[in-house]
Amino acid sequence: MNRFTVDLNGLILNNPVTVASGTFGFGREFSEFYDLSRLGAISVKGLTLEERLGNPSPRIIETKQGLINSVGLQNPGVEYFIKHEIPFLREFDTKIIANINGDNIDDYGKMAQRLSYEDVDSLEVNISCPNVKNGGMLFGTDPDIAYQVVKRVLENTDKHVIVKLTPNVTDIKVIAKAVEEAGANAISLVNTFSGMKIDIHSQKPVLDRKIGGLSGPAIKPLALKFVYDVYSAVKIPIIGMGGISNSEDAIEFILAGASAIAVGTYNFVNPLVAVEIYDGIEKYMTDRGIATIKELIGLANYKKY
Amino acid sequence: MNRFTVDLNGLILNNPVTVASGTFGFGREFSEFYDLSRLGAISVKGLTLEERLGNPSPRIIETKQGLINSVGLQNPGVEYFIKHEIPFLREFDTKIIANINGDNIDDYGKMAQRLSYEDVDSLEVNISCPNVKNGGMLFGTDPDIAYQVVKRVLENTDKHVIVKLTPNVTDIKVIAKAVEEAGANAISLVNTFSGMKIDIHSQKPVLDRKIGGLSGPAIKPLALKFVYDVYSAVKIPIIGMGGISNSEDAIEFILAGASAIAVGTYNFVNPLVAVEIYDGIEKYMTDRGIATIKELIGLANYKKY
Amino acid sequence: MKLLQARISEIKTINEEVFSMRLEFDNSFIFRPGQFIDIKVSEWDSPLLRRPISISRKISENEIELLIKIQGTGTKQMRKKMIGTEVDLIGPLGNGFYLDDLVKELPLLIVGGGIGIAPLKSLVNELKSRGYKNIDIVNGFRKEPYGKEGFDTFNYHEVDETKEGIFVTEFVENNLLNRPYQQVLACGPKPMLQILSKMFNEKNIPIQISMEEKMACGIGVCLGCAIKVKKDLFNYTYKKVCVDGPVFYGDEVIFDE
Amino acid sequence: MKLLQARISEIKTINEEVFSMRLEFDNSFIFRPGQFIDIKVSEWDSPLLRRPISISRKISENEIELLIKIQGTGTKQMRKKMIGTEVDLIGPLGNGFYLDDLVKELPLLIVGGGIGIAPLKSLVNELKSRGYKNIDIVNGFRKEPYGKEGFDTFNYHEVDETKEGIFVTEFVENNLLNRPYQQVLACGPKPMLQILSKMFNEKNIPIQISMEEKMACGIGVCLGCAIKVKKDLFNYTYKKVCVDGPVFYGDEVIFDE
Ligand SMILES: Cc1cc2nc3c(=O)[nH]c(=O)nc-3n(C[C@H](O)[C@H](O)[C@H](O)COP(=O)(O)OP(=O)(O)OC[C@H]3O[C@@H](n4cnc5c(N)ncnc54)[C@H](O)[C@@H]3O)c2cc1C
Ligand SMILES: Cc1cc2nc3c(=O)[nH]c(=O)nc-3n(C[C@H](O)[C@H](O)[C@H](O)COP(=O)(O)OP(=O)(O)OC[C@H]3O[C@@H](n4cnc5c(N)ncnc54)[C@H](O)[C@@H]3O)c2cc1C
Ligand SMILES: Cc1cc2nc3c(=O)[nH]c(=O)nc-3n(C[C@H](O)[C@H](O)[C@H](O)COP(=O)(O)O)c2cc1C
Ligand SMILES: Cc1cc2nc3c(=O)[nH]c(=O)nc-3n(C[C@H](O)[C@H](O)[C@H](O)COP(=O)(O)O)c2cc1C
Ligand code: FES
Ligand code: FES
């Protein structure tokens, strides 16, 4: 335990800086830029039971300070992950979060079961992917289904369970409470916002699936609000993300109520951003004589003067 | 009638380029930059029955390609508007849209009644303001209340009625259908997205009301998706807005299904943007031999090849 | 108020944080001291919003000088611009200082704080050209003082706050509070303006203060730049810094937000 | 693959749309023809994403040249940068052309389209230094041809497509299809690569094509730059242009997206 240690309701991170699923692969590429042990956790690319090829190209649209993606959960499948990626990630002193996805509730149960006896530290139940035909985000917009998915996962595993929520809802608090009630250990949010682009030359949506997910600095003010709202609605800890690009952003999320933060899109812009954020948080705490990161979590919800 | 004329279900605009409520005052300032007759319509600053002082400062936060505002419907009240602003706006060959707001359903009814015999061309029923204590956005997130507000307005007026929707909902189609069923003539969307900023020095939310509304280029991909979704859900026409900053953006909204578009935040960045958008649309149509703007509306929903 | 193009004709480093920038217009550019311009910093919209900067000096009929302190993205980028670059701006904006009630013969006090001296420069130049002589000027700086040219033809004092361990407001309180000023004119950080207002309101000496507030439009339409002012005896209302100000009388502003 | 800082040492206008830019590194920078770098264009994140640009020429151990066509925000801003500016980039990236299977003695065909000539320049230089002589090169241009230096020491032909009313692919079809090339190497617009692939696949002549796709990360993690390729006899899968390419064999790519 040190001043940066955070306890996500059973999952202990060396520090609150993590990286978001789908923006960090399985860590190999970034290990060429820095020591992955500097990260509190790595949430790996979204996994499914079987290999997925993903969506047709184009999959990427740049917007003003944002990125629309329609990758569609391309991944090598959970077996490949277990065999080839876990051993590599285990070389580092960081927590491994397996981001799991299903077409239906059964799939989530099977994924949880399959990973139960494997060497991962937490399962991140993604009920918020906007880029797939079945399941995905739909599960995250209905509190009952969200509840059921989480219940099913917990019936099939003793692992620490994080549930990843979508911001494309009227009232995030209802969903957050449902997954808390179902027994989730922690919540991560936000996944991407549904967005689109139309090609004015072809006069058609650019993406084959029309709608993609918007991430990046553009969404930061919105994501922060979701974290702030959820903080006061539930007791379980939050991993906050959405547009974080520097340590000030990260500190905002922590003050809003995030026990840990994840960097997503900005990893593409500055591969070193995660470690720079760590350093920035350290400086912020030192400059202000803040003893432990815990003192900062959720502070913006209480502070009066 | 010319090639730019659009018929918003009874409200005929000379052209599809309008300006968004709250970003254009009552037109006086912009009349120093260009002839307001070049606009299809002007939606004036949100009005309430009585004068409103609005929220404490700060009211404005700049974000990456966006703007969070917490103005809080500061306005001189509907009587002042009728007496001092309508006569000025009537000097121009453009449609006047009165953006009306209430704390409760009665207020909306009274506003509609009061404006019924005044010289405005349409009422824009704002059930989507995130910056007020009572009513506002809450009305726009519940299809039943939205229905009731619109019903009440229509019981009190024969004017053309536009309903302005909030994007802070799980399923915009449900809300859009409710207001269509209630008898709205047209829908405008989107209003701002709920967002926030925390001051890492004071460790508190920057805004007195904590949450404000995000607008500007950052939200364009999201707003466009809402217009696209609503287009296929209802038959009444749409005024599309949200982050429009140039003619390409405007054309995207039209292709997505907007019969007219509104420029908001970008008026602050480039006061001439609305007329430049008009010119850009004209060039686009001429270059491609498109005879009337109507041919473009919603095209991205149909086009196959 | 016009949307104009200007050319950067000079950029000079004053110190680590502050620089001056000259802008040249095609036609004559007329302004009143205390007015400002709203500059589009980035062709690529980052930052998105324009930045308000006071007009600090008239160089010629069609050339002005700004005095700018680097704060964040916007001002950092302005510093990096090249001579000859075209700049898009709206101006002149705001009301500037109210000089019509002043008389040449009676003493005036002018107080600046840091970069707040920018609009005071053009104010002092204007007063000088109108033949004012009886002016005390005090400017306070956290760090090394700068920009005394123009001020120093009057009774001028610089307070190096860190070195002297005293705020400019304390200097005024200790040394100048008993002089029979007809009016005080000030620009600087909010706390300084608040203290000065209180000080001179109590003595019934009118004080004009140039205020800052975050601005989205600069032209009076967004209602973003509201400051709280007194209305009747017991009420308040909001005024817009961009069009009702930036200069207000110290006895109308309510400093509680 | 490294995150590096480089200094812009030269910028030269080639024509209205195209310019060359030289980058100087502190240490030696080693790359293979066909590899690219991913450049951070704007300190202020507009555009947000890096821009992939091929390495067009080795100037010295620690200096390279790029050939860039202005398309939108990113390339427009690159054009405006000043000599001496530091640029943040990741590179070298991708696999480049596969030269190990080639033999010096057998004829090669190289086909470029527009700015697609950029990586072909370094390819040709490499082949030259390896002693290749028997190379036909054809580059097609919509407008006035440019950049013939380096190419013209071989059997070089430029097709001015608008003037001649013929596409570079048609030129190849009409004039070169019967020559016994060991391989073809090409870079240019997708339709050109598609036509060439079909043409040489049918003749069983291996063709290497350098592909483009929108990229978010450039390093293989975002899965954004997918292109469809054949798998087994009847299936397809996706490969990443950034790490599996940008050079692919023409008989593996499926051109239906
Ligand atoms: C009427 C008026 C006249 C002004 N005249 C001058 C002048 O002559 N010279 C000069 O250097 N500055 C002047 N300013 C202040 C100047 O507008 C801000 O410093 C500038 O907008 C900051 O932009 P930035 O992008 O560099 O900083 P940002 O990145 O926007 O912000 C950096 C820091 O500065 C603070 N800040 C930003 N804008 C303001 C503001 N308007 N007021 C107070 N704090 C702010 C932010 O809160 C933040 O802490 C004036 C402001 C107003 C309203
Ligand atoms: C591996 C690789 C190597 C490249 N090498 C070079 C090179 O050596 N020289 C060079 O000039 N360009 C090269 N490109 C293309 C270059 O990356 C794009 O032209 C550039 O990213 C456009 O950026 P922009 O901001 O100027 O344009 P944007 O504003 O992003 O777009 C302007 C227009 O260009 C199109 N466009 C943008 N990016 C691409 C892309 N990656 N492929 C095709 N069209 C695009 C857009 O659809 C749009 O129509 C390369 C691309 C790749 C993938
Ligand atoms: C290219 C891309 C792929 C993503 N893939 C996944 C995924 O597989 N599973 C998941 O839960 N989230 C995925 N996300 C969402 C991110 O994990 C994150 O929630 C989102 O991007 C917001 O954070 P950011 O703005 O910092 O990127 C993906 C995001 C991007 C940009
Ligand atoms: C400063 C400001 C004030 C606004 N006031 C109102 C208002 O009074 N009534 C209303 O319906 N919408 C109001 N809006 C929302 C805009 O009309 C518009 O729906 C929104 O800003 C999205 O468009 P944009 O991104 O182009 O700004 C306001 C927006 C801004 C930025
Ligand atoms: S800045 Fe918009 S009203 Fe003053
Ligand atoms: S650009 Fe990200 S995987 Fe290729």
Side-chain angles (χ1 to χ4, degrees), chain A residues 61 63-68 141-142 166-171 175 193-205 210-214 216-229 243 245 247-256 284 288 296 299-305, chain B residues 61 63-68 141-142 166-171 175 193-205 210-214 216-229 243 245 247-256 284 288 296 299-305:
Chain A
I61 301 166
T63 69
K64 303 279 174 77
Q65 288 280 353
L67 170 66
I68 305 177
T141 55
D142 181 319
T166 171
N168 298 297
V169 295
T170 309
D171 189 353
I175 314 282
F193 288 76
S194 297
M196 80 184 296
K197 168 143 184 91
I198 291 170
D199 181 334
I200 67 168
H201 303 292
S202 72
Q203 304 177 321
K204 291 187 295 188
K210 276 97 185 164
I211 310 293
L214 184 70
I219 67 166
K220 199 209 82 182
L222 312 182
L224 186 67
K225 188 253 175 192
F226 279 93
V227 169
Y228 184 82
D229 278 357
S245 74
S247 59
E248 286 96 52
D249 291 344
I251 293 163
E252 282 190 66
F253 275 81
I254 294 170
L255 293 167
Y284 177 85
R288 284 167 183 73
L296 293 174
L299 205 54
N301 292 264
Y302 310 118
K303 214 167 167 177
K304 286 280 176 301
Y305 308 101
Chain B
I61 301 167
T63 69
K64 304 280 174 71
Q65 288 280 352
L67 171 65
I68 305 177
T141 54
D142 181 320
T166 172
N168 298 295
V169 295
T170 309
D171 189 353
I175 314 282
F193 288 76
S194 297
M196 79 183 299
K197 169 146 185 88
I198 291 170
D199 181 334
I200 66 167
H201 302 292
S202 73
Q203 303 176 323
K204 291 187 298 189
K210 275 97 185 163
I211 309 293
L214 184 69
I219 66 166
K220 200 209 82 182
L222 311 183
L224 186 67
K225 187 253 174 191
F226 280 92
V227 169
Y228 184 82
D229 278 356
S245 74
S247 59
E248 287 96 53
D249 291 344
I251 292 162
E252 282 189 65
F253 273 83
I254 294 169
L255 293 168
Y284 177 86
R288 284 168 184 71
L296 293 174
L299 204 53
N301 292 265
Y302 310 118
K303 214 166 167 176
K304 287 279 176 304
Y305 308 99

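In what follows, every chain begins at residue 1, and chains take the letters A, B, ... in the order their sequences are listed. All values below were derived from every heavy atom in this structure, side-chain atoms included, with hydrogens, water molecules and symmetry-related copies excluded.
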(message) I'd like to verify something: which residue of B/Phe193, B/Phe226, B/Phe253 has the highest number of heavy-atom pairs under 4.5 Å with chain A?
(response) B/Phe193
(request) Just give me the residue among B/Gly195, B/Pro221, B/Pro217, B/Ala218 that pairs up with chain A most often, heavy atom to heavy atom, under 4.5 Å. (result) B/Pro221
(message) Please rank A/Lys197, A/Gln203, A/Gln65 by heavy-atom pairs under 4.5 Å with chain B and give me the top one.
(response) A/Gln203
(request) Enter the distance from B/Glu248:CD to B/Leu255:CG here, rounded to the nearest 0.5 Å. (result) 11.5 Å
(request) Could you grab the distance from atom CD1 of B/Ile254 to atom CG of B/Leu299, nearest 0.5 Å is fine? (result) 11.5 Å
(message) Please classify the contact of A/Ser245 with chain B as side chain, backbone, both or neither, using a heavy-atom distance under 4.5 Å.
(response) side chain
(request) Give, as side chain, backbone, both or neither, the part of B/Ile61 having an atom under 4.5 angstrom from any heavy atom of chain A. (result) neither
(message) Please classify the contact of A/Leu296 with chain B as side chain, backbone, both or neither, using a heavy-atom distance under 4.5 Å.
(response) side chain
(request) Mind checking the OG1-NZ spacing from A/Thr63 to B/Lys220? Nearest 0.5 Å is all I need. (result) 8.0 Å
(request) Please name the pair of heavy atoms, one in B/Tyr228 and one in A/Pro205, separated by the smallest distance, quoted to 0.1 Å. (result) OH-CG, 4.0 Å
(request) Check each atom of A/Ile200 against the heavy atoms of chain B and say whether the ones under 4.5 Å are side chain, backbone, both or neither. (result) both
(message) Below 4.5 Å, heavy-atom pairs only: which of B/Ser194, B/Pro167, B/Gly216 has the largest tally toward chain A?
(response) B/Ser194
(request) With a 4.5 angstrom heavy-atom cut-off, could you sort out which part of B/Ile68 is near chain A: side chain, backbone, both or neither? (result) side chain
(message) At a heavy-atom distance under 4.5 Å, which candidate from B/Ile219, B/Leu224, B/Asp229 has the highest pair count against chain A?
(response) B/Leu224
(message) To the closest 0.5 Å, what do you measure between CD1 (B/Ile198) and NZ (B/Lys210)?
(response) 11.0 Å
(request) With a 4.5 angstrom heavy-atom cut-off, could you sort out which part of A/Thr141 is near chain B: side chain, backbone, both or neither? (result) both
(message) Rounded to the nearest 0.5 Å, what separates atom CG in A/Asp199 from atom CD in B/Glu252?
(response) 8.5 Å
(message) Given heavy-atom pairs under 4.5 angstrom as the criterion, report whether the side chain, backbone, both or neither of A/Tyr284 touches chain B.
(response) side chain
(request) Name the region of B/Leu214, side chain, backbone, both or neither, that has any atom closer than 4.5 Å to a heavy atom of chain A. (result) side chain
(request) Look up atom CG in A/Asn301 and atom NZ in B/Lys204, then write down how far apart they are to the nearest 0.5 Å. (result) 13.0 Å
